[in-house]
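Could you have a look at this structure, given as structure tokens, before my questions?
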Amino acid sequence: MHSPDVRHVAVVTDPIDVVALLAAVAAPSSGATSLFLGTVREVNDGRAVTGIDYEAYQPMAESELRAIARETCADTAGLLVAVEHRVGTLLVGDVSVAIAVSHAHRAPALDGARRIIESLKQRVPIWKQEHYVDGDRAWVDPTTSGTARTA
Amino acid sequence: MHSPDVRHVAVVTDPIDVVALLAAVAAPSSGATSLFLGTVREVNDGRAVTGIDYEAYQPMAESELRAIARETCADTAGLLVAVEHRVGTLLVGDVSVAIAVSHAHRAPALDGARRIIESLKQRVPIWKQEHYVDGDRAWVDPTTSGTARTA
Amino acid sequence: MIPVLLFASYADAFGARRLDAPVGAPCRVDTLVDALRALPGGTRLPAQPLVAVNRTWAAPDAIISVGDEVALIPPVAGG
Amino acid sequence: MIPVLLFASYADAFGARRLDAPVGAPCRVDTLVDALRALPGGTRLPAQPLVAVNRTWAAPDAIISVGDEVALIPPVAGG
């Protein structure tokens with residue numbers, strides 16, 4: 001399925017280059033760009049977090065991300081999309097996911113970025129294990145609104 | 001009115017440094033950042049555009065932008081906001097406005113950026129004169145969904 | 001005379017970025033607008049142009065005092 | 001035996017990132033899950049764990065064929 005509007009999709013281990021992602025959706029026809037960044041924060045569910053290990057089922061994560069991007073572009077003509085998700089050990093403040101969407105007009109660009117992050121959280125096989133200040137670790141399980149402690 | 005959540009507001013003539021704006025809203029408490037960029041596009045209302053002159057009532061534009069940022073932060077605890085609007089002669093692809101909003105969670109970050117760009121377009125005294133390929137120029141008048149031709 | 005700042009299409013209409021409105025302060029905002037409308041180029045103003053006094057939006061019945069910073073604001077088009 | 005990929009909390013549960021399910025292909029997805037549940041650590045699986053076949057989400061009644069890439073998918077938590 002050819003889709004030139006999906007400019008870039010990748011699951012990466014290196015830090016995400018946000019400027020490169022914005023450049024990937026830049027076009028003379030674009031009047032608005034929406035960039036969403038997910039970052040590791042220092043507290044989750046009231047516990048102090050020092051970092052997160054992200055793990056992916058790499059080939060399926062990339063194909064699901066690409067499918068989400070294609071479906072979003074198919075529903076809104078003129079969208080350009082670039083997405084990266086990072087895996088590995090991230091520290092507080094690190095960018096875990098970046099979604100760049102451009103369009104001639106602002107509403108489709110803003111709606112597109114929102115749709116992609118919501119879909120990503122529903123169906124892309126990526127997991128995160130939080131590291132806590134006390135040395136404990138737990139896999140985050142959104143289906144139970146919390147975490148499953150390990151070890 | 002003291003408002004530490006409004007990290008940065010400015011009307012500038014130099015190119016907008018998007019990375020600096022993102023850094024201005026970075027915080028260990030942030031889990032999501034939404035960046036909105038307005039860019040000059042090559043076509044408006046069916047006419048080929050070569051560039052845009054942006055003009056501002058500089059002190060009022062800054063105070064209105066700051067008021068919008070403060071009101072947005074006042075309504076949603078934990079938002080961090082940074083905004084720049086550029087004035088002067090911009091070419092196709094140049095960033096005219098950048099709005100960075102961060103929050104612990106994604107929905108407030110995304111809603112915040114959208115609210116600020118919508119309010120900006122309603123009440124910040126900034127104007128744009130489009131330059132067309134044929135040499136014509138016109139001030140954009142959103143109240144008539146079009147442009148007022150000059151000279 | 002009340003000094004008035006002009007911008008964008010209104011500066012083009014009056015051929016100036018600043019002019020003196022032929023009316024004395026204190027006066028209402030809509031009185032100032034009527035005085036501007038009588039000047040050369042003033043017919044190009046819309047029915048109710050926006051006005052800012054001291055960098056804040058002002059209603060038609062707001063009062064302009066001596067020394068206020070007054071600006072006539074064309075339809076805004078930022079972003 | 002059907003080889004199955006494991007990730008995250010499921011890899012922790014079984015103590016492996018890949019194992020062979022004691023069931024022959026072709027078989028249904030839910031049959032495979034029942035076979036995994038009988039293995040050491042299998043009681044930690046939820047009632048209906050998600051399964052992907054050839055990197056695509058598979059329903060409980062989907063059929064796994066010889067040579068398919070099968071993965072047991074914990075609740076996803078990307079972003």
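Scope of the values below: all heavy atoms of this structure, side chains included, with no hydrogens, waters or symmetry mates. Below, chain A is the first sequence line, B the second, and so on; all start at residue 1.
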TODO: Name the option with the most non-hydrogen atom pairs under 4.5 Å to chain A; the candidates are B:G38, B:G93, B:A113, B:S29.
DONE: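 Most heavy-atom pairs under 4.5 Å with chain A: B:S29.
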Task: Part of A:H103 within contact of chain B (heavy atom distance under 4.5 Å) - done: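 Neither; nothing under 4.5 Å.
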Open item on the list: Please report the interatomic distance CZ(A:R114) to CZ(B:R114), rounded to the nearest 0.5 Å.
Closed with: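 Between atom CZ of A:R114 and atom CZ of B:R114 there are 6.0 Å.
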Open item on the list: Side chains of B:L22 and A:L35, heavy atoms from C-beta outward: is any pair under 4.5 Å?
Closed with: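 The answer is yes, as the side chains (C-beta and beyond) meet within the 4.5 Å cut-off.
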TODO: May I ask you to check whether over 12 heavy atoms, not counting those of A:Q122, lie within 6.0 Å of atom CD?
DONE: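 Incorrect, the count does not exceed 12.
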Open item on the list: Given heavy-atom pairs under 4.5 angstrom as the criterion, report whether the side chain, backbone, both or neither of A:A26 touches chain B.
Closed with: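 Neither part, no heavy atoms under 4.5 Å.
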Task: Backbone of B:L37 reached by a side-chain donor or acceptor of A:T33 within 3.5 Å - done: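 A pair under 3.5 Å: no.
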Task: B:V40, part contacting chain A, at a heavy-atom distance under 4.5 Å - done: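 When you check distances to chain A, only backbone atoms of B:V40 fall under 4.5 Å.
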Task: A:I99 versus chain B, the contacting section by heavy-atom distance below 4.5 Å - done: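 The answer is neither part of A:I99.
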Task: Atom group of A:A27 that falls short of 4.5 Å from chain B, counting heavy atoms - done: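 The answer is neither part of A:A27.
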- [ ] Can you tell which part of A:D111 gets under 4.5 Å to a heavy atom of chain B, answering side chain, backbone, both or neither?
- [x]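 Its backbone and side chain both get close to chain B.
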Open item on the list: Report which part of A:V19 has an atom under 4.5 Å of a heavy atom belonging to chain B: side chain, backbone, both, or neither.
Closed with: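 Contact with chain B is through the side chain of A:V19 alone.
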Open item on the list: If I measure from the heavy atoms of chain A, does B:A100 come under 4.5 Å with its side chain, its backbone, both, or neither?
Closed with: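 Neither the backbone nor the side chain of B:A100 comes within 4.5 Å of chain A.
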- [ ] Please answer whether the main-chain N or O of B:S30 pairs with a side-chain N or O of A:T39 as donor and acceptor at a distance below 3.5 Å.
- [x]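 It does hold such a pair.
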